[in-house]
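These notes concern the structure reproduced below.
These values consider heavy atoms only, across backbone and side chains, with no hydrogens, waters or symmetry-generated copies.
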Amino acid sequence: EIKECDWSSDVCSSDLQASRRMRRVWQLLAIVVATAGILWGLNWYSERPLAEVRNRLEKGDFERALKLVNHFLADKPTHTGALALKGRALVDVGMADEAIEIFKMVPPSDAEETYALARAQMQKLQWTYAVQLLTRVIELKPNFGTALRSEGHTSELQSHSFISYA
């Protein structure tokens, strides 16, 4: 049913104002949601190269991972996630000193990064610090100890009398 209004009436005028306010609220909400979606999409798109770096590291293609992350860092030299990935890649190509310097700037934030720093310390024969880091890795990711044993790192550490496994 269509309601006829006497435009001089306060009731119709307030209904019209309320309707206009609601329309504005919905328009603003739509703008906010659209803007958030665009920003999320741009961030996702700009981070895609880092997903490829992670993929290369997982597949053991360390040289390519290092090349890709360096290319990314050319545009975003302070991107902490990219720097951490570079640290991981540097350890994997045997550049422990450079990796340690990166992890001084960007401290490890997860088990994988902490493990990379531990491996860099092992490459430098800094066993005491490496054991501390490996302990932290196992605290962060309890099943990581199994992976360490399967990679043979425990025998290196045991030979230096720092840890023993039953």
4.5 Å side-chain heavy-atom contact, Tyr115 and Leu134:
yes
Would Met105 and Leu50 show up in the same hydrophobic cluster when neighbours are defined by side-chain heavy atoms closer than 4.5 Å?
yes
Mind listing the closest non-hydrogen atom pair of Glu113 and Pro107 along with its distance?
OE1-O, 4.2 Å
Under-4.0 Å salt bridge between Arg56 and Glu52:
yes
Answer yes or no: is there a side-chain heavy-atom contact under 4.5 Å between Arg136 and Glu139?
yes
Hey, what do you get for CD (Gln121) to NZ (Lys124), rounding to the nearest 0.5 Å?
9.0 Å
Provide the closest heavy-atom pair for Ala99 versus Ala120 in the form atom of the first, atom of the second, distance.
CB-CB, 4.4 Å
Mind listing the closest non-hydrogen atom pair of Leu73 and Ala82 along with its distance?
CD2-CB, 3.5 Å
Please answer: with hydrophobic residues joined when any side-chain heavy atoms are less than 4.5 Å apart, are Ile100 and Leu83 in the same cluster?
no
Could you give the distance from CE (Met22) to CD (Gln27), rounded to the nearest 0.5 Å?
11.5 Å
If hydrophobic clusters are built from ILVMFWY residues whose side chains come within less than 4.5 Å, do Phe103 and Val106 share one?
no
Between Asn55 and Ala51 (side chain of the first, backbone of the second, donor and acceptor by atom type, cut-off under 3.5 Å), is there such a pair?
no
Less than 4.5 Å apart, any side-chain heavy atom of Leu57 and any of Leu85?
yes
Common cluster, Val33/Ile31, ILVMFWY with side-chain heavy-atom separation under 4.5 Å
no
What about Ile102 and Phe72, same hydrophobic cluster or not, with Ile/Leu/Val/Met/Phe/Trp/Tyr joined at side-chain heavy-atom distances under 4.5 Å?
yes
side-chain contact (heavy atoms from CB on, under 4.5 Å) evaluation trace for Glu101 with Glu98:
CA-CA 5 Å; Glu101 287 305 311; Glu98 293 87 343; 5.7 Å; no
Donor-acceptor contacts under 3.5 Å from residues 88-95 side chains, at least two apart:
from, atom 1, to, atom 2, distance (Å)
Asp92, OD1, Arg119, NH1, 2.8
Asp92, OD1, Arg119, NH2, 2.8

Hey, could you give me the CD/OH distance between Gln126 and Tyr129, rounded to the nearest 0.5 Å?
10.5 Å
Are any non-hydrogen side-chain atoms of Thr114 and Asp110 less than 4.5 angstrom apart?
no
Interatomic distance, Lys86 atom NZ to Leu66 atom CG [nearest 0.5 angstrom]:
6.5 Å
In Å and rounded to the nearest 0.5 Å, what is the CD to CG distance from Glu63 to Leu68?
11.5 Å
Just jot down the salt bridge (Lys or Arg N to Asp or Glu O under 4.0 Å) partners of Glu112, sequence neighbours excluded, or say none.
Lys141
